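Just below is one structure, and these are the notes that go with it.
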Amino acid sequence: VGTIELGASTIEFGAATGSASRALLGAAPQRRIQLPTRLDAIAALERIYDELRSVCNATEITSYDSLISWAHEAVGVTEPSVIARSYAHLSAITDERAGLCLRPPLQPLIAIAVGELSGMPAELWRSVIGMERCAERLTQLTQAATSRLRLACLNRARERRKLRLFLSEWAPLQDLADSLDAQLQCAGYIEPVAAPFGTWVLAQTLSNMLRFLLLGFECELYAPCEYVMVYWYIECLCSLRIQLHAASQQAAVAQSAAFAAAAAPKKGSNKKKSKQPPPHKAIAGSASTRQELLLCAALRQLSCGLMLMLGVLRELRFVQTGDLEFTPLSMRYEQRFAVFRDLNQPAPLPYERFVAMCVTKVSQLPFEQLLAATSGALKSAKGAVDKALQGADSPPSALQKAELVSLAKVAVANRAALAALLEPLPERGTRRASFDFSTHKCFPTLSQRHAEVDGLFGQLLHRGGSELGGLLSALGVAVVEHAAVRRRQPMSWAAEGVAEAALPGGAVRRTEAVRSRWGFRCVLSVLGRALIVRWFLLGGG
């Protein structure tokens with residue numbers, strides 16, 4: 001068919017028959033494709049259908065806040081398939097000719113969002129954004145916002161990697177926005193306390209910084225010793241966002257009062273009094289902004305509680321400090337937050353400030369006071385989440401409610417785990433804390449395990465496959481020994497000899513901890529881990 005209709009030989013259609021792949025692979029065998037079952041294929045199609053149905057809500061976008069909410073629902077909460085992410089990019093993000101253009105133009109939406117975030121009067125703001133200098137700046141902000149939305153359509157690892165470059169390119173916009181605000185203030189268009197462009201750019205910067213740090217948890221990039229510094233930085237970012245809104249609200253009140261005074265008729269005028277329009281109610285931000293602030297307050301309290309909880313675990317030596325010779329904490333801190341160095345606002349937080357607030361200050365507190373502060377912070381986090389669940393102007397959406405409920409579960413579970421951990425107070429260094437991210441992908445719940453079990457498991461990994469049999473033999477001897485202890489009978493000389501010869505140098509001997517503390521449960525736990533390691537060493541992993 002190809003030779004007759006297209007004038008090409010059948011060899012050039014090898015991609016359709018599979019011969020082209022065989023030619024490229026050479027003698028290597030082709031990868032076997034495992035077809036899903038009928039039920040699995042139907043379930044996969046249903047997932048794609050649900051993802052595309054969320055993406056098709058792009059026709060309901062009427063403002064920049066609704067665009068951000070749509071992107072969060074379509075590609076932000078759970079990582080959808082590449083089909084849904086591609087369609088999201090075509091439907092409501094790109095402005096190119098190949099796009100579907102299901103949303104209104106982005107630049108007018110951003111212009112309205114900038115004025116709304118600072119609570120500018122509508123009539124005044126329409127005259128301001130009509131200026132040439134403002135239109136030029138809005139074009140730059142639109143291009144940057146479009147680039148940021150494109151990153152949301154990538155997978156999590158690539159989004160974080162691209163976001164690092166995006167933050168460095170976004171940094172000059174802060175100076176340009178502040179410069180434009182200064183020009184508008186000098187010309188008398190806005191009050192000296194009002195800075196609409198700079199406020200909007202700074203709010204977007206804080207949101208992107210917070211997203212960058214949270215993506216590190218989703219990509220499992222942080223070590224447990226780095227959790228405290230990341231949660232401390234998240235708390236600082238949320239506090240800055242709340243302070244920025246408070247400053248915007250004050251500026252909105254001053255700007256509204258000045259605009260009303262300028263529009264009021266002067267005394268002594270002979271003009272006929274006409275009915276004056278109602279005064280502009282100064283409210284900074286939209287309903288979505290106020291809901292976002294409630295979420296920021298919840299994240300701030302929860303991050304503070306987790307930071308203090310990690311301080312408690314560090315004082316009890318239940319977590320490793322991670323301050324190694326070649327990778328000290330100062331180096332880890334610099335590497336984790338090096339991406340924020342290019343930003344002028346907010347200024348990067350130095351390592352010395354982190355040490356002073358999270359290490360020195362926490363270590364100087366009495367242990368009982370530290371426990372009380374931790375419990376109070378987790379309780380306040382639960383209260384902040386409950387307040388966010390009620391909503392600012394209207395109840396949160398289903399996805400927002402699900403995320404808030406998971407945050408509440410994390411706060412309650414950690415408070416209960418901390419109380420169970422300290423009743424009674426264990427000895428320092430006798431246990432190891434572990435963190436479970438199944439409840440929330442960025443905020444863990446605390447669990448614990450015994451340090452001696454981890455030590456034996458680490459020894460098993462260190463010894464490797466050559467001495468795996470000896471370790472398993474020693475564990476078997478521990479089982480026999482435990483049975484002898486329960487029968488109140490001494491170990492036989494043969495068992496003693498096997499235990500002494502199990503490892504070179506007598507690394508595994510009769511363990512008093514096994515007999516006195518944990519007994520048969522501890523032995524079975526370590527034996528299970530040994531079997532898992534054996535499976536990996538034999539090629540199962």
Side-chain angles (χ1 to χ4, degrees), residues 64-65 68-69 71-73 75-77 79 113 117 144-145 147-149 151-152 154 156-157 159-171 173-174 199-222 226-246 248 285 288-307 333 336-349 354 358 381 384-385 388 396 399-400 403-404 406-407 410 437 440-444:
Y64 185 77
D65 289 333
I68 297 301
S69 300
H72 181 70
E73 179 181 355
V75 295
V77 180
E79 186 172 357
L117 185 63
S147 300
R148 177 62 187 94
L149 289 171
L151 300 185
L154 304 175
R156 296 295 183 261
E159 179 185 358
R160 189 178 187 274
R161 187 165 60 249
K162 297 289 186 180
L163 191 57
R164 179 186 296 271
L165 179 61
F166 173 81
L167 285 173
S168 62
E169 296 176 349
W170 175 270
L173 291 177
Q174 185 69 58
T199 299
W200 189 84
V201 173
L202 182 56
Q204 299 300 312
T205 303
L206 294 173
S207 177
N208 292 327
M209 294 172 67
L210 184 62
R211 177 64 176 170
F212 180 82
L213 294 179
L214 293 179
L215 281 175
F217 287 104
E218 295 189 40
C219 298
E220 301 180 0
L221 298 179
Y222 303 134
E226 299 173 342
Y227 289 169
V228 59
M229 63 178 69
V230 177
Y231 287 125
W232 173 74
Y233 220 109
I234 290 175
E235 181 194 6
C236 294
L237 292 178
C238 293
S239 300
L240 286 174
R241 181 65 186 91
I242 296 174
Q243 294 173 12
L244 178 64
H245 178 73
S248 301
S288 300
T289 304
R290 290 184 284 277
Q291 184 65 34
E292 177 190 356
L293 291 171
L294 293 178
L295 178 60
C296 276
L299 293 181
R300 180 183 64 174
Q301 293 294 336
L302 184 57
S303 299
C304 179
L306 292 176
M307 181 186 66
Y333 185 92
R336 288 302 178 197
F337 308 114
V339 63
F340 302 148
R341 294 176 187 171
D342 298 332
L343 300 174
N344 298 327
Q345 292 187 25
L349 302 176
F354 160 72
C358 297
V385 172
L399 291 176
Q400 292 174 342
E403 183 176 3
L404 290 170
S406 62
L407 292 176
V410 170
F437 288 89
H440 194 278
K441 53 190 175 184
C442 301
F443 297 92

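Because the structure is a prediction, the values reported are computed rather than measured.
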Side-chain contact, heavy-atom cut-off 4.5 Å: Leu349 with Tyr333? yes
Would you check if Leu407 and Phe443 make a side-chain contact, meaning some heavy-atom pair closer than 4.5 Å? yes
Between Pro348 and Phe337, is any pair of side-chain heavy atoms under 4.5 Å apart? no
Trp170 and its side chain to side chain donor-acceptor pair (under 3.5 Å) partner, picked from Asn208, Thr205, Asp342: Thr205
Strictly distance-based, threshold 3.5 Å: is any side-chain N or O of Ser207 a donor or acceptor partner for the main-chain N or O of Ala203? no
Ile68 side chain reached by Leu149 side chain, heavy atoms, under 4.5 Å: yes
Say you draw a straight line from SG of Cys296 to CD1 of Ile234; how long is it, rounded to the nearest 0.5 Å? 11.0 Å
Look up atom CD in Glu235 and atom SG in Cys304, then write down how far apart they are to the nearest 0.5 Å. 4.5 Å
Keeping the roles fixed (side chain from Ser168, backbone from Leu165), state whether a donor-acceptor pair exists under 3.5 Å. yes
Whether the side chain of Tyr231 engages the backbone of Leu302 through a donor-acceptor N/O pair (distance < 3.5 Å, no angle test) should be reported. no
Measuring only between side-chain heavy atoms, which start at C-beta, is Pro396 closer than 4.5 Å to Gln291? yes
Test item: Leu294 and Leu404 side chains (from C-beta on) under 4.5 Å apart, heavy atoms: no
Donor-acceptor pair, Tyr227 side chain versus Leu306 backbone, under 3.5 Å? no
Distance, nearest 0.5 Å, that separates SG of Cys358 from CE of Met307: 4.5 Å
Is any side-chain heavy atom of Leu173 less than 4.5 Å from a side-chain heavy atom of Gln204? no
Mind checking what makes side chain to side chain contact (heavy atoms under 4.5 Å, CB included) contact with Leu240, not counting sequence neighbours? Leu206, Gln243, Pro346
Is any NZ, NE, NH1 or NH2 atom of the basic residue among Glu159 and Arg148 found under 4.0 Å from an Asp or Glu carboxylate oxygen of the other? yes
Step through the shown structure and confirm whether more than 12 heavy atoms of other residues, nucleotides or ligands are within 6.0 Å of NZ on Lys162. no
Would you mind reporting whether Val201 and Gln345 have side-chain heavy atoms less than 4.5 Å apart? no
By the definition ring pair (Phe, Tyr, Trp, His ring centres under 6.0 Å), identify the one residue from Phe212, Tyr222, Phe340 that meets it with Tyr233. Phe340
Just verifying a value: how many Å separate Leu154 CG and Arg160 CZ, rounded to the nearest 0.5 Å? 14.5 Å
Arg211 bridged to Glu218 by N-O distance under 4.0 Å: yes
Using modelled atom types only, decide if a donor and an acceptor are shared between the side chain of Arg290 and the backbone of Gly285 within a distance under 3.5 Å. yes
Using 0.5 Å steps for rounding, measure from the CG atom of Leu202 to the CD atom of Gln174. 5.0 Å
